[in-house]
Amino acid sequence: IHPIPSGTRDVLPQETGEVRAITDTLRAAFDRHGYGEIYTPALEYESVLARADMAEAQPLYDECLALTRQIGDPQAIANALYNDAFPYLVGRTNFPHARALLEEALGTFRQLGDDSGIARCLWGLGSLAYSMLEFSRALGHLDESERTFRKINDRFGLGWCLHSLG
């Protein structure tokens with residue numbers, strides 16, 4: 001397994017054009033020199049998405065986290081921690097464990113200075129606190145999440161955050 005490059009993250013809408021231009025240039029250069037394209041799709045198990053089967057999803061996310069920890073890239077580990085928390089949260093099976101995963105991810109994202117990761121973890125912690133009827137804690141996390149999503153102009157994340165605040 002090749003390590004995930006440091007700083008790997010989602011490409012935001014305002015950056016997509018630049019990334020496409022770069023990949024189009026690279027693809028053209030590779031084509032000129034006779035290299036074929038390899039396409040690796042990023043897919044989720046259909047059964048997990050279609051049924052939102054948290055019991056089925058959890059072992060897959062746990063395995064992803066374990067593999068990512070073996071690779072050792074802090075950014076990838078923080079993302080895997082964040083993802084691993086959600087079946088516990090959505091499935092309402094283990095709130096304390098979900099909180100521990102989100103808090104570990106938040107700490108790593110703060111160390112990395114990754115505002116997107118910080119905002120997502122704060123939103124997750126706010127949603128978790130709300131589910132646990134800890135409303136003042138939820139508001140604290142969600143307010144900071146909202147400010148951070150606004151700062152980085154992440155309208156998708158902001159929409160979820162505002163939905164949670166509503």
Side-chain angles (χ1 to χ4, degrees), residues 3-16 19 42-166:
I4 296 171
S6 178
T8 300
R9 61 176 176 75
D10 292 337
V11 177
L12 301 176
Q14 63 269 22
E15 302 166 312
T16 302
V19 170
L43 300 174
E44 190 63 80
Y45 285 94
E46 185 276 333
S47 60
V48 173
L49 293 174
R51 294 191 316 261
D53 186 338
M54 295 302 116
E56 183 178 343
Q58 193 63 68
L60 301 173
Y61 284 107
D62 292 343
E63 180 181 5
C64 178
L65 176 58
L67 291 169
T68 305
R69 285 192 192 278
Q70 288 177 10
I71 293 169
D73 180 85
Q75 182 83 33
I77 293 168
N79 279 314
L81 286 161
Y82 172 81
N83 291 335
D84 196 28
F86 278 88
Y88 291 116
L89 173 59
V90 174
R92 306 178 71 80
T93 58
N94 193 337
F95 287 157
H97 190 60
R99 177 175 280 155
L101 291 166
L102 288 167
E103 287 175 346
E104 183 182 347
L106 177 60
T108 302
F109 283 130
R110 286 194 194 279
Q111 288 176 340
L112 295 169
D114 182 334
D115 286 336
S116 176
I118 292 167
R120 288 182 291 123
C121 286
L122 289 166
W123 172 75
L125 286 165
S127 298
L128 174 66
Y130 179 84
S131 295
M132 296 178 71
L133 307 178
E134 299 171 350
F135 300 120
S136 68
R137 180 182 278 188
L139 282 175
H141 290 309
L142 292 169
D143 283 344
E144 186 180 351
S145 176
E146 177 190 1
R147 286 191 305 275
T148 308
F149 279 131
R150 286 186 190 281
K151 175 179 142 186
I152 62 175
N153 196 32
D154 180 339
R155 295 185 315 178
F156 180 81
L158 179 60
W160 273 108
C161 185
L162 294 174
H163 168 78
S164 298
L165 280 166

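None of these values were measured; they are calculated from a predicted model. Only this structure's heavy atoms are used, side chains among them; waters, hydrogens and symmetry mates stay out. The first residue of the sequence shown is numbered 1, and numbering continues consecutively from there.
- A donor-acceptor distance shorter than 3.5 angstrom exists from the side chain of Gln58 to the backbone of Asp84, with no hydrogens or angles considered.
- For the atom pair CG of Asp115 and CG of Asn153, the computed distance is 12.5 Å after rounding to the nearest 0.5 Å.
- Thr148 places a side-chain N or O within donor-acceptor distance of the main-chain N or O of Glu144, the cut-off being under 3.5 Å.
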Q. Where do Asn79 and Arg120 land on the side-chain contact (heavy atoms from CB on, under 4.5 Å) test, with the steps shown first?
A. CA-CA 10 Å; Asn79 279 314; Arg120 288 182 291 123; 2.9 Å; yes
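- In this structure, Ser116 and Asp154 approach most closely via the heavy-atom pair OG-OD2, 4.4 Å.
- Under the ring pair (Phe, Tyr, Trp, His ring centres under 6.0 Å) criterion, Tyr82 pairs with Phe86, not counting sequence neighbours.
- Applying the salt bridge (Lys or Arg N to Asp or Glu O under 4.0 Å) test to pairs two or more places apart or on separate chains, those with a residue in residues 122-138 are Arg99-Glu134, Glu134-Arg137.
- Atom-to-atom distance recorded for Glu103:CD and Leu101:CG is 10.0 Å, nearest 0.5 angstrom.
- The OG atom of Ser127 lies 8.5 Å from the CH2 atom of Trp160; values are rounded to the nearest 0.5 Å.
- Counting only heavy atoms from C-beta outward, the side chains of Leu165 and Leu139 approach each other to under 4.5 Å.
- Around CZ of Arg155, the count of heavy atoms belonging to other residues, nucleotides or ligands within 6.0 Å does not exceed 12.
- Atoms CG and CD, from Leu65 and Glu104 in turn, are 7.5 Å apart once rounded to the nearest 0.5 Å.
- The two residues Ala78 and Ala105 make their nearest non-hydrogen contact at O-CB, 3.5 Å.
- Ring pair Phe135/Tyr130: centre-to-centre distance below 6.0 Å.
- The shortest non-hydrogen separation linking Ser145 to Leu122 is CB-CB, 3.7 Å.
- The residue from Leu89, Leu106, Leu142 that alone fulfils the side-chain contact (heavy atoms from CB on, under 4.5 Å) condition with Leu125 is Leu106.
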Q: Show the numbers, then the answer: is there a side-chain contact (heavy atoms from CB on, under 4.5 Å) between Lys151 and Arg147?
A: CA-CA 6 Å; Lys151 175 179 142 186; Arg147 286 191 305 275; over 6 Å; no
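- Residue Phe109 holds its CZ atom at 8.5 Å from CD1 of Ile118, rounded to the nearest 0.5 Å.
- Taken from CH2 in Trp123 to CG in Leu128, the straight-line distance is 11.0 Å, to the nearest 0.5 Å.
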